[in-house]
Amino acid sequence: MSPLTIVTLDWVPDFPRGFVRDIRARWAAEEAGRPYQVETVPGAQKTEAHREIQPYQQVPAIRDGDLTLFESGAIVLHLAEGTPLLPPDRRSEVTQWVISALNTVEIATGHWLLMILQRDYPEIFGPGATDAQLAHARRGMDLRLGQLERELDGREWLLGDQFTAGDILMADTLRQIDHDGVLDGFPGLRAYLDRAKARPGFQRAYDAQMDHWKAADKARAAVAAS
């Protein structure tokens, strides 16, 4: 099996830790049983080397042997290949839910989340939205969450009893907005997310990302002290 490298940022401040989207690649690798190493790119100063592997200079990206790949959905589907995360007889359904997570649900949740980040971190994200704009974004998000909850009713996972690549992307999309009581009105989604977060693969991926940031803090402190 070819060596797998996951590319993420060298350091981030406290508030996005645990949510930087290399966690999706880490989670998929854990679920697929793929050992991996981590390579970093600077977060503060974009580089040409970063652009060469990710044209938008974002993370994650991966190197899998001779293949370089970006976009978390493409990465998760790639790592799922040949594993129960992407059953051959249900490939199209899994792909449908991957695209649904990123192209329908995350568009609605991301619009609201950006406004919350502007509210909480204006020094980083700029001026915040008005209360009316925030309420409008919340209504749009709640509409999509309600539709998703109805679709999940009676199912453990998106395809029933089988956890797939679609669940990695959908659960992480929900995890990004799990504050301000967003999921209080959606007990089905709350239970779904809790099941996903309880998976050993997610726990290993989360712990590995948090360990990465702790090591980055130590490295920065050592440089500052030298």
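Just so it is clear, the structure is predicted and the values come from calculations on it, not from any experiment.
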Quiz item: Under 3.5 Å, is there a donor-acceptor pair between the Arg150 and Gln147 side chains?
Solution: no

Quiz prompt | Under 3.5 Å side-chain donor-acceptor pair for Glu39 and Thr5 | solution = no

Exercise. Answer yes if the side chains of Gln176 and Asp172 hold a donor-acceptor pair under 3.5 Å, and no otherwise.
Key: yes

Quiz item: Please walk me through it: do Arg138 and Asp131 pass salt bridge (Lys or Arg N to Asp or Glu O under 4.0 Å)?
Solution: CA-CA 10 Å; Arg138 178 65 183 265; Asp131 290 345; over 6 Å; no

Quiz item: Restricting to pairs with a member in residues 173-193, which pass ring-ring contact (aromatic ring centres under 6.0 Å, His included), not counting sequence neighbours?
Solution: Trp112-His179, Trp157-Tyr192

Quiz item: Heavy atoms, side chains only, cut-off 4.5 Å: are Leu4 and Arg63 in contact?
Solution: no

Practice problem: Rounded to the nearest 0.5 Å, what's the gap from CD1 on Ile53 to CD on Glu48? Could you check? | Solution: 11.5 Å

Quiz item: For the atom pair CH2 (Trp213) and CH2 (Trp11), what is the distance rounded to the nearest 0.5 Å?
Solution: 9.5 Å

Quiz item: Taking only residues two or more places apart in sequence, or in another chain, which ones meet Glu123 in a side chain to side chain donor-acceptor pair (under 3.5 Å)?
Solution: none

Exercise. Looking only at non-hydrogen atoms, find the nearest pair between Pro13 and Pro16 and report the distance.
Key: O-CD, 2.9 Å

Self-check item: From Leu67 atom CG to Ser2 atom OG, the distance as rounded to the nearest 0.5 Å
Solution: 8.5 Å

Self-check item: Val20 vs Gln209 side-chain heavy atoms within contact, under 4.5 Å
Solution: yes

Quiz item: Is there a side-chain contact between Leu169 and Leu102, using heavy atoms and a 4.5 Å cut-off?
Solution: yes

Practice problem: With sequence neighbours excluded, give me every salt bridge (charged side-chain N to carboxylate O under 4.0 Å, His left out) pair touching residues 208-217. | Solution: Arg17-Asp217

Quiz prompt | Spacing of Arg144 atom CZ and Thr173 atom OG1 [to the nearest 0.5 Å] | solution = 14.0 Å

Quiz item: Residues in salt bridge (charged side-chain N to carboxylate O under 4.0 Å, His left out) with Glu81, at least two apart?
Solution: Arg91

Quiz item: Can you name the salt bridge (charged side-chain N to carboxylate O under 4.0 Å, His left out) partners of Glu106, sequence neighbours left out?
Solution: Arg21, Arg24

Self-check item: Pairwise side-chain contact, Arg220 with Val223, heavy-atom cut-off 4.5 Å (strictly under)
Solution: no

Exercise. Specify the closest pair of heavy atoms between Ala25 and Ile75, including all atoms of both residues, with the distance to one decimal.
Key: CB-CG2, 3.8 Å

Quiz item: Between Trp97 and Glu93, do the side chains contain an N or O donor and an N or O acceptor separated by less than 3.5 Å?
Solution: no

Quiz item: Do Thr8 and Val38 have side-chain heavy atoms sitting under 4.5 Å apart?
Solution: yes

Exercise. Report the residues that fulfil side chain to side chain donor-acceptor pair (under 3.5 Å) with Asp178, sequence neighbours left out, ordered by chain and then residue number.
Key: Arg190

Self-check item: Asp10 and Thr40 side chains, donor-acceptor separation under 3.5 Å
Solution: no

Self-check item: Closest non-hydrogen atom pair between Val94 and Pro87, with its separation
Solution: CG2-CD, 4.0 Å

Quiz item: Can you tell me how far the CG atom of Leu134 sits from the CZ atom of Arg119, to the nearest 0.5 Å?
Solution: 7.0 Å

Quiz item: Checking Arg199 against Phe163: charged group under 6.0 Å from the ring centre and within 45 degrees of the axis?
Solution: yes

Practice problem: Mark yes when over 12 heavy atoms from residues, nucleotides or ligands other than Asp89 sit less than 6.0 Å from its CG; otherwise mark no. | Solution: yes

Quiz item: With a 4.0 Å cut-off, would you call Glu30 and Arg34 a salt bridge?
Solution: no

Practice problem: Output the distance between atom CG (Leu174) and atom CG (Leu189), rounded to the nearest 0.5 Å. | Solution: 5.5 Å

